[in-house]
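Written out below as structure tokens is the structure these notes cover.
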Amino acid sequence: QNSMVLSAAIFITLIGLIIYLHFVKIDQESLLVIGSLGIQVTSSYASGKESTTFIEMGQVKDVVINEAIHMQKVIYYLCILLQDPEDPQGVSEVVPLFQSSKPRLDCLIEVYRSCQEILEQRKTAPQSS
């Protein structure tokens, strides 16, 4: 009786660990910005699974560093502001980046500057019809 309960508990724990590693535990996050195409965000999980999201450059209004208070601490994170299709001055959605890795502010500033350079090149480039 006790060995069956112990075996079931171990089995459930292993299943929970596998689910955690496959769907929750992110090992690596990357950001690829191509001015003429868009922004690709990739998350690699501990199990080897990858999740990729692509945002077309036409949807991107801006990239900003946002701050939040979490557990009596100020944390900074990079966000993509998506343009509202109905209101060109408005923002329809805020997409946070690097939620698992939580890089330091000086690292975020480097990524932010690179993104802003690419966005500025896109704005100053002549638009083809």
Side-chain angles (χ1 to χ4, degrees):
Q1 178 76 12
N2 287 341
S3 65
M4 250 179 87
V5 171
L6 183 60
S7 295
I10 291 172
F11 181 73
I12 290 172
T13 303
L14 286 175
I15 294 296
L17 181 63
I18 290 170
I19 290 172
Y20 173 76
L21 289 175
H22 193 66
F23 294 108
V24 179
K25 174 77 171 99
I26 295 177
D27 251 0
Q28 183 178 345
E29 294 175 297
S30 65
L31 179 70
L32 175 63
V33 182
I34 301 173
S36 59
L37 293 174
I39 298 174
Q40 177 178 303
V41 182
T42 304
S43 299
S44 301
Y45 292 84
S47 65
K49 181 183 112 173
E50 283 193 355
S51 170
T52 301
T53 305
F54 183 77
I55 302 169
E56 291 181 30
M57 199 52 88
Q59 294 179 302
V60 176
K61 182 173 178 64
D62 203 359
V63 175
V64 297
I65 295 178
N66 205 354
E67 62 184 16
I69 298 173
H70 178 69
M71 301 292 287
Q72 301 174 344
K73 205 166 89 169
V74 176
I75 59 170
Y76 299 93
Y77 56 97
L78 201 63
C79 291
I80 299 173
L81 303 179
L82 299 184
Q83 192 164 349
D84 189 349
E86 296 171 10
D87 177 16
Q89 300 302 319
V91 174
S92 67
E93 190 177 343
V94 177
V95 180
L97 304 173
F98 307 122
Q99 289 293 287
S100 294
S101 54
K102 295 184 178 73
R104 297 184 329 257
L105 180 59
D106 57 337
C107 296
L108 286 178
I109 289 172
E110 288 297 318
V111 176
Y112 168 78
R113 286 182 179 151
S114 298
C115 290
Q116 288 299 325
E117 282 179 25
I118 293 169
L119 289 175
E120 282 301 315
Q121 289 173 0
R122 181 183 64 118
K123 289 176 185 172
T124 58
Q127 301 293 323
S128 59
S129 305

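For clarity, every value in this text was computed on a predicted model and none was experimentally measured.
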| message | Assess the residue pair Q40 and T52 against the criterion (side chain to side chain contact (heavy atoms under 4.5 Å, CB included)); give the C-alpha distance rounded to whole Å, side-chain angles, the decisive distance to 0.1 Å, and a yes or no. | response | CA-CA 7 Å; Q40 177 178 303; T52 301; 3.5 Å; yes

| query | Counting only heavy atoms not in I69, do more than 12 sit closer than 6.0 Å to its CD1 atom? | reply |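 No.
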
Spacing of [X] atom [atom1] and [Y] atom [atom2] [to the nearest 0.5 Å]:
X	Y	atom1	atom2	answer
L105	I65	CG	CD1	5.5 Å
S36	M57	OG	CE	8.0 Å
L97	Y77	CG	OH	10.5 Å
E56	Q83	CD	CD	12.5 Å
E110	R104	CD	CZ	11.0 Å
I26	S51	CD1	OG	7.5 Å

| request: Take L32 and I39, measure what side chain to side chain contact (heavy atoms under 4.5 Å, CB included) needs, and give me the verdict at the end. | output: CA-CA 6 Å; L32 175 63; I39 298 174; over 6 Å; no

| message | Please check this pair: side chain of Q116 against backbone of V63, looking for a donor-acceptor N/O pair closer than 3.5 Å. | response | yes

| message | For N66 versus C79, what's the shortest heavy-atom pair and its separation? | response | CB-SG, 4.0 Å

| Joint cluster assignment, I109 & I118, ILVMFWY side-chain distance < 4.5 Å | yes

| Under a single-linkage definition using a 4.5 Å side-chain heavy-atom cutoff for Ile, Leu, Val, Met, Phe, Trp and Tyr, are V33 and L82 assigned to the same hydrophobic cluster? |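 Yes: a chain of side-chain contacts under 4.5 Å links V33 to L82.
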
Contact between [X] and [Y] at the side-chain level, heavy atoms closer than 4.5 Å - yes or no?
X	Y	result
D62	L119	yes
F98	L108	yes
E29	T42	no
L37	F54	yes
I80	I55	yes
L31	C115	yes
N2	L6	no
Y112	L78	yes

